[in-house]
Amino acid sequence: MPPAIFIDSLVLSSMYILMASGLVLVFSIMGILNFAHGQFYMLGAYAIFYLFQQAGINFFISLALSAAIVGFVGILIERYIMRPIGQPIQAVVVTIALISVFEGLITLIAGPAPHSVTSAFPGNVDIFGVSLSSERLATVVIAVILIIALYLFIQRTRLGLALRAAAQQPVAAGLFGIQVARVSTLVMGIGCGLAALAGGIMAPMFYVDPWIGGQPLVMALLAIVIGGMGSLGGAVVGGIVLGMIGSMLAYYIGFWSQLISFGIVIVILLFRPQGLFGQSEK
Amino acid sequence: MKRKFIYIALVVVLVLSIITSCAAPAAKAPAPPKILKIGSIMPFSGPASMWGESIKPVMEIYRDLINADGGWQVGDDKYIIELYFADGPIFSVQADAAAARTLIYDKQVSAIVSYFGVGYSAVAPICNAEKVVFNTSTISMGAYSASREPYSIFGFPAIEMSINQAMAVMQAFPQYKTLCWTATKGGNVDIEKIYAPVDEEIQKKYGVRSIRLYYPEGTTNFTPYLIKMAEMGAEVLFSFGTPLEIGLMARQRYQLGYKWPVAANGAILDTKIVKGLAGSEEAMQNICGDFCYPWLLKKVQIAPRYLDMANRIREAYKQKYEGKEPYAGAFGVGVTMMGQYLEGVRMAGSTDPDQVMKVLRGGTVETFLGKYTLSGNETYGSPVVFGFPCAMSIIKGNESVYLNEEPLWDVDHPLVNVTDLIKE
Amino acid sequence: MPLLKLDHVKKAFGSLLALDDIELSVNKGEVLGIVGPNGSGKTTLLNVISGYYHSSGGEVLYKGRKISGMRPDQIARMGIIRTFQQNIVYWDTVTLENVYRTCYLTAKTNYWQSFFNTPAWVKENKELWAKASEIVQLFGLGDFSFSLAQGLPHGKQRSLGMAMALAADPDVLLLDEPLAGMDAYEMEIVLANIKKIIERGVTIILVEHNIKTVLSLCPRIIVLNFGHKIADGSGQEVLKRQDVIEAYLGVE
Amino acid sequence: MDKAKLKAKLPLILLLAFIIFTIIFPLIVKDRFLLSILIEAGVMCLFALGFAAVFRSGQFSLGQAAFLAVGGYAGALLASKAGLPFWLSLLGGGLSSAIVAFLLGIVILRMGGLYFSIATLALGEIAIIIAKNWDSVTSGMTGIAVDAPIVKIGELTINFATTKLPYYYIIVLLVIMAALMFWRIDRSRLGTVVRSVAVAPVMSEHAGIHLMKYRVIMFTLAAFVTGVAGAFYVYYLSWVGPPLFSGAQSTVALIMCVIGGLWSAVSGPIIGAIIVSYFGTMMQIHLEGLRPLVFGVLVIVLIWFMPNGLVELQYRFPAWVKSLFKKKGKVPDAPA
């Protein structure tokens, strides 16, 4: 297998993992599937376009800024739209409606034409005599750092503990002084920020237009189902599996890989209806 | 209290929108004596909306210029042209059909031109039942049947053009002998069905070997496919993808260290976008695409009145939009397909759809792109080859260079040196 | 022949053995109490009997028929009905309909008759409602008949759970900590209700933490500890045993 | 007659009036564009009814559009290859869709909640991939053309190609039939059981209800109705092809159900479907590029103010009118 394929599958995996972990976080705390998650990815990509490409701010700073801005948008939405509505199904429909709101809004602001973002890491690097795109390598490195940081945040910090508690036992967590409502606002912010980061690091590699959010969302959905809903580890495994299929399998069997990535979800669910790493209901 | 006002406002908005939508068809302006109504279904929302937004103003300017001249001469009468647009986001059949219905039932257009969505087969029955001429592109395939659809024509020969374009590219790069056709499998174009039959012919005539590789819809990461192509021995890529896909393919091919030309099908190649997507000056080298300013080419003979009109359109556009040049593709699809119908009306001397179709089926019309001969065949599409310029632009260094078409089947003229083709 | 017989039943969660080799037989009309410290496997035992868990080994026999491995609904239709430790009710509807829905289990007419509203169904439907209403009254929920089940106070929801179980006309009733989290007043009502059920001759297996209640209700008690049955007999017998006292003192 | 009796009969009278209105409506208002919107709204009604039926059994299907596709392709193949008449093709479309749903259902309905949703999402995508690539049956992107039926009743010949009115009446009939069916189910024992399964699966299972049985029944019934809708739609468009059945339509069905009101089995989905298709098309025609934004905002606003859907208006509206009159009486009192 050519080494470029390997790096490529890592790139795809890291995108799916970042997307899926945001989705899983929001789902495990708020109990709703955020269908507009892909649009936060899109917003993040646009933030990078405006901050990094147009304003010329340092790539890493604009990445942090875009995550902060989009996370804030997520917080506003949770606080002022989702929470007043309350009921989960209605909230899900609101996220579906948000898809067209964001797409329409960005079309209105930035126009329907696609934009491209200059690579922050141009050129190729030679590693053991193999020429690899430094942009792709950098993307993988950034994504891995982000994923590790997220893991440490959830495992090692007080806030992370509060998140885990709220996810597992919302009522009990409430009794122990964790304000579940506040935690879910925060989680919405973190989830959306993660999506924005994914969009941000992918934007220079691909392109930016108001409709780029659809594909990553579907892949993230598949990833969290493969891994098992409600566990970050599951999201990582799911993301890696889909990244491999999207790249390695695509190399060997061509476009049928798409069918495989949908098919594998069904096959996995048939044998383990709770995903590979999900907790069994019984 | 506040809530109540919002309810009232909501109800008022609902009622108003019902009234306006119902009243819209009823409130028609008193008709001036001779009017020719033309409709156009273009994407104004959704991912393809940029094409609709850039083609629409050019068509409007063409309409304005004709009307400023006193109208379109048909027989002894002059017809004022009215142009109606409807939104057909190209991936929604339902929306395309609704757009066609509002144009036909409400606006009562006599033709629908420049349509290129996926809903061809849903729009065609509506047009044909109402005897509305439907001018579409051969790329918007569907279940076409000449007997069922006497009012459908394929004025934009996207498929025929792409074969010519591919050959033009192969001859611009004579050192390469393997051509890789690539597309989304089951996307807009079924390249297996359409291009496989010409493989042998291409091999015989030009010594070009054809290979094929498909990728799934929505792909943005082409790396695995590009590596596979390289292993299959591809030297030139010919893609049926969107400009986005072309640009990404070009960029990722460069990152992998391949220098092959990447060529694109269709009139929707906006070089600026592709240049941006390719990422860098080096990465965008050898991108080939359609370029619909045929008057820039030495070889193309365009009727003087059309050349004249083209320049007027460009002038007017520049005046209206702060010196910007109109989008080249608008001449390829929008204005030309509208022009074909207008030519048909002029030649028939009547707006009667049967008469117009009699002239257009198998007829030859002048357009902005040169002379068109539409097939009278009962087969799918309309192999238009005579005089169709099919200009390709290839990005070399900072500027694009243009080369002429080299039709595959009919006219057998040798390839002209690429650098000679640009008019000074 | 015992009505219900557990034959070397085992239940493992991974490496944890929640039930180890349980032998138990219950006769018709018997009222059996199961006690034990937290995590001793009481609820797991009910779950295995009711089919919520599949046993990892051994088998459960009901009227001589093997029921381990069957689905919960099959077991329920054979007449073994359970209540839950948590308050689970049909939250979309009122108390009366909650009970009415469980009455369906005893309905004779089929879905088609209900779909076409045949006279047979109309007649039976009236009877079902009457029955539901009667049971609701029996459990002192009459005043709450038409309030949403979700909004009932805790004690009332527990009573409702038992009312629903009774509405299915069970042969064996498995009660899972019916008194958990109740105040003294509510407890009294529920106890009275359990006694009413016992009077109807229903076989009852009562899982309860509160040993006093069990003693007052159940002539026969078994004690579980770490998945083992450590005692089986009348209340007095059981309480005398050293290991039982240890098991209790060791935890509490 | 006493007022109470009249009041009890009022919904029935209103319903009858509505049905009569729908029947004579196209004869009075001869707007063919409106007619076409109403026909499509009818198709969407069936689709939304099916979606709601699955939803009310506690499962949230994101791949309902696949059953539209199965019904559509089956109907088209039966009509064009087997030459079956219109009615039989509709039935065939519904039946084949139901068979597919039954076979899939006994496998995938084991999955709970969200896993089921995403499995259906994947199945919907797979259905589209199959439709695009199974050339020998589905003809790929070219699709299958279906000739408009020509019905002869005695002397009278109705050519469906020239007039769309028959389609209107057929879809109205289909919607009424489906609505009656789902209404009866909802009111009968089956509906109660299905609701129990949805709200408290564990409880229901221990009360002797075989969860899978009822989920499969509702899934299959919904697929049947959706399949009929698909076959009808294909006839109406006289073509079937993969772009007709994008996965996004399943989320549209959800939007319709929630806007109409999810807690009513029949009126909610129907009202939602009509409102969303009518205003959706109107926005597409009049707003063009602004459509997504306006549509999204309107949906959010509607849910914000009426989380239980438009059916809520039947309680809210009279109360609102009453409060208006009351306020008027109160205003002079206020300063005192």
With only heavy atoms counted, which part of [X] is less than 4.5 Å from chain B, the side chain, the backbone, both or neither?
| X | value |
| --- | --- |
| Val117(A) | backbone |
| Pro114(A) | both |
| Ser257(A) | side chain |
| Leu249(A) | neither |
| Gln215(A) | side chain |
| Met205(A) | backbone |

Rounded to the nearest 0.5 Å, what's the gap from [atom1] on [X] to [atom2] on [Y]? Could you check?
| X | Y | atom1 | atom2 | result |
| --- | --- | --- | --- | --- |
| Asp8(A) | Ile227(B) | CG | CD1 | 7.0 Å |
| Ile7(A) | Gln255(B) | CD1 | CD | 12.0 Å |
| Met202(A) | Thr220(B) | CE | OG1 | 9.5 Å |
| Phe206(A) | Thr219(B) | CZ | OG1 | 10.0 Å |
| Phe255(A) | Thr182(B) | CZ | OG1 | 11.5 Å |
| Trp211(A) | Ser49(B) | CH2 | OG | 3.5 Å |

Residue pair [X] / [Y], side-chain heavy-atom distance below 4.5 Å:
| X | Y | result |
| --- | --- | --- |
| Thr223(B) | Ser247(A) | no |
| Gln252(B) | Ser133(A) | no |
| Arg251(B) | Tyr207(A) | no |
| Arg136(A) | Asn221(B) | yes |

**Item:** Greatest number of heavy atom pairs closer than 4.5 Å to chain B - which of Ser134(A), Gly111(A), Pro204(A)
**Value:** Pro204(A)
**Message:** Tell me whether Phe6(A) at atom CZ has more than 12 heavy atoms from other residues, nucleotides or ligands lying less than 6.0 Å away.
**Reply:** no
**Asked** Does OH in Tyr80(A) sit with more than 12 non-hydrogen atoms of other residues, nucleotides or ligands closer than 6.0 Å?
**Response** no
**Request:** Report the C-alpha separation of Asp209(A) and Leu244(B) in whole Å, then their side-chain angles, then the decisive distance to 0.1 Å, and conclude whether the side chain to side chain contact (heavy atoms under 4.5 Å, CB included) test is met.
**Result:** CA-CA 10 Å; Asp209(A) 86 5; Leu244(B) 296 172; 3.9 Å; yes
**Item:** Closest non-hydrogen atom pair between Leu256(B) and Ala4(A), with its separation
**Value:**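 Result for this residue pair: CD2-CB, 3.6 Å.
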